[in-house]
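Report on one structure; see the data block that follows.
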Amino acid sequence: SPLHCIDFTEELLEEHEAEAERLKTYLNDNKELFEKVAMRQQVWSKFMELERRAKDPSRLMNARGNSLLLEEKERNKVNKALPRIEEELQELIDTWRGRMVDSSKWEGELQSLHRAAEGGARAAAGGRELARERTKEGVPCLRGRPRTYGDQRSYDTELRLKR
């Protein structure tokens, strides 16, 4: 293709400048979409970090001051922001799709944006379901009340009766 040619001519320079101008225009036209994708990625990485921290049992022993309260507030903020951002992103993707004349050219890009928007919602819902199942199984859930020895003993008795 002429954009990958090694023979440097004025014609090739003009094609490169035209391509650069086309990409700048595309970037400016879709700036809001790209910013929203970046924002979603930041919130998603924060969500994953909070999930990783929630699985670390040593954080309960080393809790000083109100670190657990701050962590819970941060988790609530992320849990509220993620669905809102994903909804806005989906609207922007739909608008972008309507503007595209040749959508087959951008199908791969569209699919990756769509998967990113859907993946976050599915993962957030899956985390809540996992917490519910673990609580039902008697495994302590960090958001629920702490399990006591009596709770575990009654749970063990229920298991023996079911067998």
Side-chain angles (χ1 to χ4, degrees), residues 20 22-159 162:
R22 186 189 66 78
L23 291 174
K24 284 180 187 176
T25 304
Y26 178 77
L27 180 64
N28 288 332
D29 291 346
N30 298 300
K31 188 175 185 175
E32 187 179 2
L33 176 67
F34 295 135
E35 288 173 351
K36 196 61 72 172
V37 168
M39 184 185 304
R40 187 214 171 267
Q41 185 60 36
Q42 288 175 344
V43 172
W44 180 252
S45 61
K46 192 67 174 173
F47 175 79
M48 295 306 290
E49 178 188 336
L50 289 169
E51 288 294 314
R52 182 188 52 79
R53 264 197 258 163
K55 292 177 184 175
D56 182 19
S58 67
R59 75 185 176 94
L60 299 173
M61 300 300 178
N62 299 331
R64 299 279 180 200
N66 59 355
S67 62
L68 294 176
L69 178 63
L70 293 175
E71 185 179 323
E72 188 62 28
K73 284 183 177 182
E74 198 170 357
R75 182 177 289 111
N76 288 338
K77 191 164 83 170
V78 166
N79 285 339
K80 287 179 184 177
L82 194 59
R84 179 183 51 82
I85 290 172
E86 288 177 347
E87 183 179 315
E88 292 171 2
L89 184 60
Q90 185 62 47
E91 290 173 7
L92 287 171
I93 289 172
D94 292 340
T95 304
W96 175 82
R97 181 183 276 178
R99 281 193 325 239
M100 293 306 296
V101 176
D102 183 18
S103 24
S104 63
K105 180 178 178 183
W106 301 100
E107 195 61 36
E109 184 179 344
L110 177 64
Q111 289 298 325
S112 65
L113 288 173
H114 199 64
R115 275 186 300 226
E118 288 181 348
R122 222 179 292 124
R128 288 189 293 272
E129 290 172 10
L130 179 64
R132 276 191 221 111
E133 289 173 15
R134 290 184 69 195
T135 303
K136 288 177 186 176
E137 293 171 1
V139 178
C141 179
L142 297 176
R143 293 184 184 158
R145 69 177 177 80
R147 299 292 181 184
T148 62
Y149 176 72
D151 291 340
Q152 185 62 40
R153 196 173 53 185
S154 64
Y155 178 73
D156 291 341
T157 305
E158 290 175 21
L159 284 178
K162 288 181 182 178

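Just so we're clear, the structure is a prediction, and the values are computed from it rather than from any experiment.
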Heavy-atom pair with the smallest gap, counting every atom of Asp29 and Arg99:
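Nearest pair, atom of Asp29 first, then Arg99: O-NH2, 3.7 Å.
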Between atom [atom1] of [X] and atom [atom2] of [Y], what is the distance when rounded to the nearest 0.5 Å?
X: Glu88; Y: Glu86; atom1: CD; atom2: CD; answer: 11.0 Å
X: Leu89; Y: Gln41; atom1: CG; atom2: CD; answer: 11.0 Å
X: Thr25; Y: Asn30; atom1: OG1; atom2: CG; answer: 10.5 Å
X: Thr95; Y: Gln90; atom1: OG1; atom2: CD; answer: 10.0 Å
X: Ser45; Y: Arg40; atom1: OG; atom2: CZ; answer: 10.0 Å
X: Gln42; Y: Ile85; atom1: CD; atom2: CD1; answer: 8.5 Å

Salt bridge (Lys or Arg N to Asp or Glu O under 4.0 Å) between Arg75 and Glu72: does it pass, once the steps are laid out?
CA-CA 5 Å; Arg75 182 177 289 111; Glu72 188 62 28; 3.0 Å; yes
Short N-O contact, Lys55 and Glu51, less than 4.0 angstrom:
no
Pair Lys77 + Glu74, salt bridge at N-O below 4.0 Å
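Salt bridge: no.
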Could you walk me through whether Phe47 and Asn79 pass side chain to side chain contact (heavy atoms under 4.5 Å, CB included), step by step?
CA-CA 8 Å; Phe47 175 79; Asn79 285 339; 3.6 Å; yes
Do other residues, nucleotides or ligands put more than 12 heavy atoms under 6.0 Å from the CD atom of Glu49?
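Yes, because the 6.0 Å sphere around CD of Glu49 holds more than 12 heavy atoms from other groups.
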